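Just so you know, residue 1 is the first one in the sequence shown, and it goes up from there. This structure is a prediction, so every number in the text was calculated from the model and none was measured. Side chains included, hydrogens not; waters and symmetry mates left out as well; all remaining heavy atoms used.
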Amino acid sequence: HVALDHPMAFDLEADPAALKAQLEACLPEGESEGGWAEAQAIVDEMVPAIQENKMFAIQRIDQAQSGGEIRRHLRELEARKGEATRFHYHRALDRLEALEAWQDIARLPRDMLKAKGVPVETARRFATRAIGLFSKAKRTDLAMGMIDWLEAENLEPDVLHYTMAVHACGADWRKAFELMDHIEARGLKLDLISYNALLSVVTNAGERGKVDQVLKMMRSRGISPDIFTFNAILNSLAKNAEKYGGEGKRALALLFEEMPRYQVAPDSFSFASAMQACEKCGDWRGALSLFDHIVDADEHATKLEEGGSRGPNARRGLRPNHDKRIIGHMRVFRSALVACARGKQVAKALEIIALLRGSVEVDLVKRWNEPSEGGRPMLEAEARDLLICYNVAIKACAIGNHMSEALSLYEHVALDHPVVSPDAYTFAAAMSACARVGDWETALGLLGAMKVDYGLTPNVVAYSSAIQACVPQGKWREAEAIIDEMLSAAYQDKVPVVPNDWCFGAAFNAAASA
């Protein structure tokens with residue numbers, strides 16, 4: 001990819017050995033042995049491809065607009081004495097994924113097996129990667145079709161192929177259990193990764209009872225859970241907390257009893273899911289207590305690091321799998337702020353936002369101003385998470401009837417922030433704060449700014465909050481004007497919302513207060 005994106009960085013006239021050295025310098029260090037060997041093999045094939053000026057084929061693949069066009073380019077290369085290399089096939093698979101040409105992805109390993117000079121093992125590797133793509137796209141049919149093809153060609157699909165097919169089931173837990181039975185019937189040994197994939201499916205399906213069934217199956221086979229197992233269970237508890245109740249206590253038991261028993265340290269996802277389970281059960285105090293525990297533990301670990309303690313117990317029970325602080329993850333802040341909104345804990349929400357601004361936000365702004373190559377999409381995702389945190393904090397202030405604090409946070413996002421800009425939910429939360437204290441002028445000003453200054457389409461929450469702000473002062477004409485605006489825009493298909501019963505009820509209340 002570096003060679004293609006920056007061709008001028010390479011001396012194409014150099015001898016093969018020198019050109020290979022330049023290319024190998026781009027290979028990442030620390031790859032697995034198999035991955036490194038594959039990368040070096042690609043380099044070996046790239047050298048003559050570059051020197052013979054055949055890179056135009058890559059450009060044609062990158063610019064193709066259909067899977068059929070890509071496969072035609074590859075066939076043309078094969079027709080010219082087998083000039084299609086593994087590098088061409090890798091690039092073709094990348095482009096097919098971008099085009100979501102799933103059927104053509106399924107055909108590519110078959111084409112490779114028929115091509116001249118392509119080893120059988122290489123075609124099998126590409127089939128493995130194709131199944132992985134089908135797993136991400138939740139295309140169980142194509143994943144199983146590829147596995148059937150491997151069996152027909154005597155390429156011996158293994159438990160990894162089937163595990164990816166299980167993961168492709170999405171929320172179809174019945175199909176996932178059928179696949180697990182099929183794996184055992186094939187004489188393959190189910191492993192931890194297989195059961196984690198099954199747990200992911202039953203979690204997506206919201207089947208709490210099936211989660212316990214999978215855990216019993218693991219114990220009966222002597223398979224110990226890992227961090228992914230526990231995170232799948234915690235995610236299930238968070239999703240089902242409102243439905244069943246009591247899930248918060250079970251989540252805390254997993255964190256502080258079960259996970260230490262198996263010597264598995266929770267990560268940020270573990271804590272965030274446990275906090276969500278507590279909050280959805282109505283135990284917002286438990287969620288905030290857990291957040292305070294994380295803060296205290298991370299501060300303790302930081303002091304140990306600053307004091308030079310690098311021993312194996314320096315981070316015991318916190319973060320063995322990565323070097324980032326748990327409190328440095330946006331999902332933890334978001335879960336804590338949602339708990340604050342549930343409990344109307346305005347002071348705590350402001351405390352959490354202050355901690356967020358002094359840690360995660362500072363790091364994000366720094367990386368935003370100096371983005372690494374290809375890192376912008378990840379930064380944009382983090383920025384969206386940051387905005388959600390601010391929106392929830394504004395909502396918490398609104399629920400607690402703290403309009404000035406809510407507007408202060410809104411102004412920070414709208415006027416001062418170098419990374420994020422307000423969205424419809426930011427304005428809706430701020431207007432909700434105005435509605436609770438009857439400040440109809442500020443609420444209508446925010447509604448106008450939302451449309452004029454930011455070009456945003458108000459949602460039903462924003463409109464209804466603006467109408468509600470008109471109630472205490474009996475501003476029924478202003479409320480009626482907002483409803484007229486909603487109806488007019490809806491008739492012209494300019495907004496996806498129409499006034500609901502709540503909007504009309506608030507308008508009637510405004511008239512009654514006049």
Give a yes or no on whether the backbone of [Y] and the side-chain of [X] come within a donor-acceptor separation of less than 3.5 Å.
X	Y	answer
T203	A232	yes
Y454	A414	yes
R71	G67	no
Q65	Q63	yes

Are C397 and L407 close enough, and set up right, to give a side-chain contact (heavy atoms from CB on, under 4.5 Å), and what steps lead you there?
CA-CA 9 Å; C397 293; L407 293 182; over 6 Å; no

For I147, which of L179, L142, I131 qualifies under side-chain contact (heavy atoms from CB on, under 4.5 Å)?
I131

Under the salt bridge (Lys or Arg N to Asp or Glu O under 4.0 Å) criterion, do R129 and D94 qualify, and how do the steps go?
CA-CA 11 Å; R129 186 180 169 195; D94 289 340; 2.4 Å; yes

How many angstroms lie between [atom1] in [X] and [atom2] in [Y], if you round to the nearest 0.5 Å?
X	Y	atom1	atom2	value
N240	E207	CG	CD	8.5 Å
L252	L290	CG	CG	6.0 Å
E382	L386	CD	CG	9.0 Å
F333	S268	CZ	OG	11.0 Å
K216	K210	NZ	NZ	11.0 Å
I353	E405	CD1	CD	13.0 Å

Does [X] [atom1] have over 12 foreign heavy atoms under 6.0 Å away?
X	atom1	answer
K451	NZ	yes
I193	CD1	no
K136	NZ	no
F256	CZ	yes
D501	CG	no
F177	CZ	yes

Ignoring hydrogens, what is the shortest heavy-atom contact between [X] and [Y]? Give both atom names and the distance.
X	Y	value
P109	M146	CG-CE, 3.9 Å
H167	S135	ND1-OG, 3.1 Å
C389	L356	CB-CD2, 3.9 Å
N459	A428	OD1-CB, 3.9 Å
A277	E247	CB-O, 4.1 Å
V211	S236	CG2-OG, 3.6 Å

Mind running side-chain contact (heavy atoms from CB on, under 4.5 Å) on V419 and L379 for me, showing each step along the way?
CA-CA 10 Å; V419 174; L379 290 175; over 6 Å; no

Within the 4.5 Å heavy-atom criterion, are [X] and [Y] side-chain neighbours or not?
X	Y	answer
N196	N231	no
K395	S432	no
R250	E258	no
L355	F291	yes
H73	R95	no
F134	M164	no
L447	P458	yes
V264	P225	no

Please report whether the ring centroid of Y410 lies less than 6.0 Å from that of Y390.
no

Looking at F271 versus H329, is the centre-to-centre ring distance below 6.0 Å?
no

S270 vs I227, side-chain contact (heavy atoms from CB on, under 4.5 Å): CA-CA, chis, key distance, verdict
CA-CA 8 Å; S270 312; I227 184 63; 3.5 Å; yes

Classify the angle between the aromatic ring planes of H90 and F126 as parallel (below 30°), tilted (30 to 60°) or perpendicular (above 60°).
tilted

Anything under 30° is parallel, anything over 60° is perpendicular, the rest tilted; go ahead and classify F230 against Y262.
tilted

Begin from the C-alpha positions of D416 and R357 and carry the test salt bridge (Lys or Arg N to Asp or Glu O under 4.0 Å) through to its verdict.
CA-CA 13 Å; D416 304 329; R357 291 172 67 172; over 6 Å; no

Pair D385 + R331, salt bridge at N-O below 4.0 Å
no

Is the closest side-chain donor-acceptor distance between T229 and D226 under 3.5 Å?
yes

Throw together a table of side-chain donor-acceptor distances under 3.5 angstrom for residues 280-287, partners on residues two or more places apart or in other chains.
residue, atom, partner, partner atom, Å
K280, NZ, A238, O, 3.3
D283, OD1, G286, N, 2.9

Under the salt bridge (charged side-chain N to carboxylate O under 4.0 Å, His left out) test, residues paired with D172 that sit two or more places apart
none

Give the C-alpha distance, both sets of side-chain angles, the deciding distance and a yes or no for side-chain contact (heavy atoms from CB on, under 4.5 Å) between I70 and D104.
CA-CA 9 Å; I70 292 172; D104 290 292; over 6 Å; no

Please test K348 against E351 for salt bridge (Lys or Arg N to Asp or Glu O under 4.0 Å), starting from the C-alpha separation and ending with a verdict.
CA-CA 5 Å; K348 187 65 176 179; E351 175 189 328; 3.2 Å; yes

Go through the steps to decide whether D111 and R107 satisfy the test salt bridge (Lys or Arg N to Asp or Glu O under 4.0 Å), and finish with yes or no.
CA-CA 6 Å; D111 294 345; R107 296 187 186 102; over 6 Å; no

